[in-house]
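These numbers were taken from a predicted model, which means no experiment stands behind them. Numbers restart at 1 for each chain; the letters A, B, ... are given by sequence-line order, proteins then strands.
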There are 2 protein chains.
Amino acid sequence: MLFSTKAEYGIRLMVALGRADDGGGPVALASLAEAEALPLSYLEHLVAKLREAGLVSSTRGAHGGYRLGRPSGEITMQQVVESLEGPITPMDCFEQNGQGRVLCSHEHDADRACATKLLWTRVQGGITRALAGTTLAELVEFAERGERRPLKTAVAR
Amino acid sequence: MLFSTKAEYGIRLMVALGRADDGGGPVALASLAEAEALPLSYLEHLVAKLREAGLVSSTRGAHGGYRLGRPSGEITMQQVVESLEGPITPMDCFEQNGQGRVLCSHEHDADRACATKLLWTRVQGGITRALAGTTLAELVEFAERGERRPLKTAVAR
DNA sequence: CTAAATCCTAGCGGCCCGGTCGGATTTCCC
DNA sequence: GGGAAATCCGACCGGGCCGCTAGGATTTAG
């Protein structure tokens with residue numbers, strides 16, 4: 001209920017891109033869509049936002065495709081999720097304008113702080129800490145490790 | 001974008017109830033609605049869920065109203081939010097069945113872990129840690145500090 | 001020139017959210 | 001007993017976002 005599939009699909013897309021990032025040519029979106037079993041025409045919209053955020057770069061035309069915009073170790077999940085879903089806030093009325101100021105919609109009467117602000121601040125801290133502290137490189141490595149499991153299961157348990 | 005106003009309104013309702021919990025009579029929902037400037041008929045639906053969860057108790061009839069179901073120090077925000085919004089998951093495909101097992105919808109091919117699972121686990125940890133670590137008593141105190149305007153109970157007139 | 005790919009815009013059904021409404025029921029007070 | 005005050009209950013409803021599709025325009029390698 002927190003994030004939509006935009007974040008899910010986008011992250012899986014980025015992980016797949018990171019795994020294919022062997023310095024070779026760009027990867028066509030169609031092959032990623034097939035590998036992840038996701039609708040191609042929907043991914044097009046998502047990858048557009050990732051490109052606007054500079055997280056991926058594209059080359060058009062035949063034999064074109066996408067690459068990572070920068071090394072996977074310099075891409076945080078906060079950047080990925082925010083580029084797809086917009087700013088991460090626990091509540092609609094909870095926005096940061098400029099420097100960390102937070103305000104609720106019903107705070108129209110000046111500086112009377114509503115009690116929920118304390119809670120939302122903590123929740124947002126927990127979320128952003130998890131998102132900013134996880135890099136794409138980490139997830140790529142995690143996926144690489146998991147991909148070898150078919151061999152393990154073949155050996156039986 | 002994380003929680004809806006159900007959580008927001010519900011928490012403010014609980015805080016208002018906690019502030020009025022001076023051992024006197026129950027508090028009518030109408031007075032809470034007016035104090036918080038929230039629609040009464042909408043709060044009725046929310047307080048119903050809080051009652052089912054045992055977080056508030058009600059007395060019907062004239063001069064009736066609501067009280068806290070137990071001391072504010074024993075009510076965590078996780079309980080409040082979950083009773084209103086359902087189980088807290090960062091992603092729809094992310095559910096805990098029974099003992100901490102998590103699974104994604106696209107994990108149909110056995111135990112191949114998807115890369116996002118690592119991230120969602122961290123995010124959920126951050127959220128639940130913030131929610132479970134914040135008690136109603138804490139928010140009530142926070143509210144009292146900001147503004148000490150007592151709320152009348154039914155019997156007090 | 002053609003095929004392959006990215007890019008762009010529009011649309012659409014379904015679900016939940018926020019809120020309203022009307023009433024049924026319970027209980028206190030006179 | 002008869003209001004009046006309050007909780008309860010279920011149905012409804014407009015709007016917005018989500019997930020996805022469709023159709024084309026544009027760019028580029030071979």
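We find that CG of Asp92(A) is positioned 14 Å from P of dG16(D), with the value rounded to whole Å. Atoms CD (Glu44(A)) and P (dC8(C)) sit 11 Å apart, rounded to a whole Å. As rounded to whole Å, 16 Å separates atom P of dC16(C) from atom NE2 of His45(B). The interatomic distance linking Tyr42(A) (OH) with dG23(D) (C1') rounds to 19 Å, in whole Å. Following rounding to the nearest Å, Leu46(A) (CG) and dT6(C) (C1') show an atom-to-atom distance of 15 Å. In this structure, the CZ atom of Arg12(A) is 13 Å from the P atom of dG19(D), given to the nearest Å. The nearest whole Å value for the distance from the OH atom in Tyr9(B) to the C1' atom in dC17(C) is 11 Å. Rounded to whole angstrom, the span from the CG atom of Leu17(B) across to the P atom of dT7(D) amounts to 10 Å.
Nearest heavy atoms, Leu119(A) versus Met77(B): CD2-CG, 3.6 Å. For the residue pair Ala115(A) and Leu139(B), the shortest heavy atom distance occurs at O-CD2, 3.6 Å.
Residue Thr5(A) places at least one side-chain N or O closer than 4.0 Å to OP1 or OP2 of dG19(D). Between Ser58(B) and dA6(D) there is no side-chain N or O to OP1 or OP2 distance below 4.0 Å. One finds a side-chain N or O of Lys6(A) lying less than 4.0 angstrom from the OP1 or OP2 phosphate oxygen of dC18(D). The side chain of Tyr66(A) places an N or O atom within less than 4.0 Å of a non-bridging phosphate oxygen (OP1 or OP2) of dC7(C). Residue Ser4(A) places at least one side-chain N or O under 4.0 Å from the OP1 or OP2 atom of dG19(D). Checking the phosphate oxygens (OP1, OP2) of dC20(D), no side-chain nitrogen or oxygen of Ser41(A) falls inside 4.0 Å.
Side chains of Ser72(A) and Asp21(A) form no contact here, defined as non-hydrogen atoms less than 4.5 Å apart.
Nearest nucleotide to the Leu29(B) side chain, out of dT7(D), dG19(C), dC7(C): dT7(D).
In this structure, CE on Met91(A) lies 7.5 Å from OG1 on Thr5(B), to the nearest 0.5 angstrom. Within the model, atoms CZ of Phe3(A) and CG of Leu2(B) stand 7.5 Å from one another, a figure rounded to the nearest 0.5 Å. Residue Leu118(B) holds its CG atom at 10.0 Å from CD of Glu141(A), rounded to the nearest 0.5 Å. Atom CG in Leu17(B) sits 10.5 Å away from atom CZ in Arg67(B) (nearest 0.5 Å).
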Protein N or O to nucleotides 28-30 of chain D N or O, pairs below 3.5 Å:
residue: dT28(D); atom: O2; partner: Ala62(A); partner atom: N; Å: 3.4

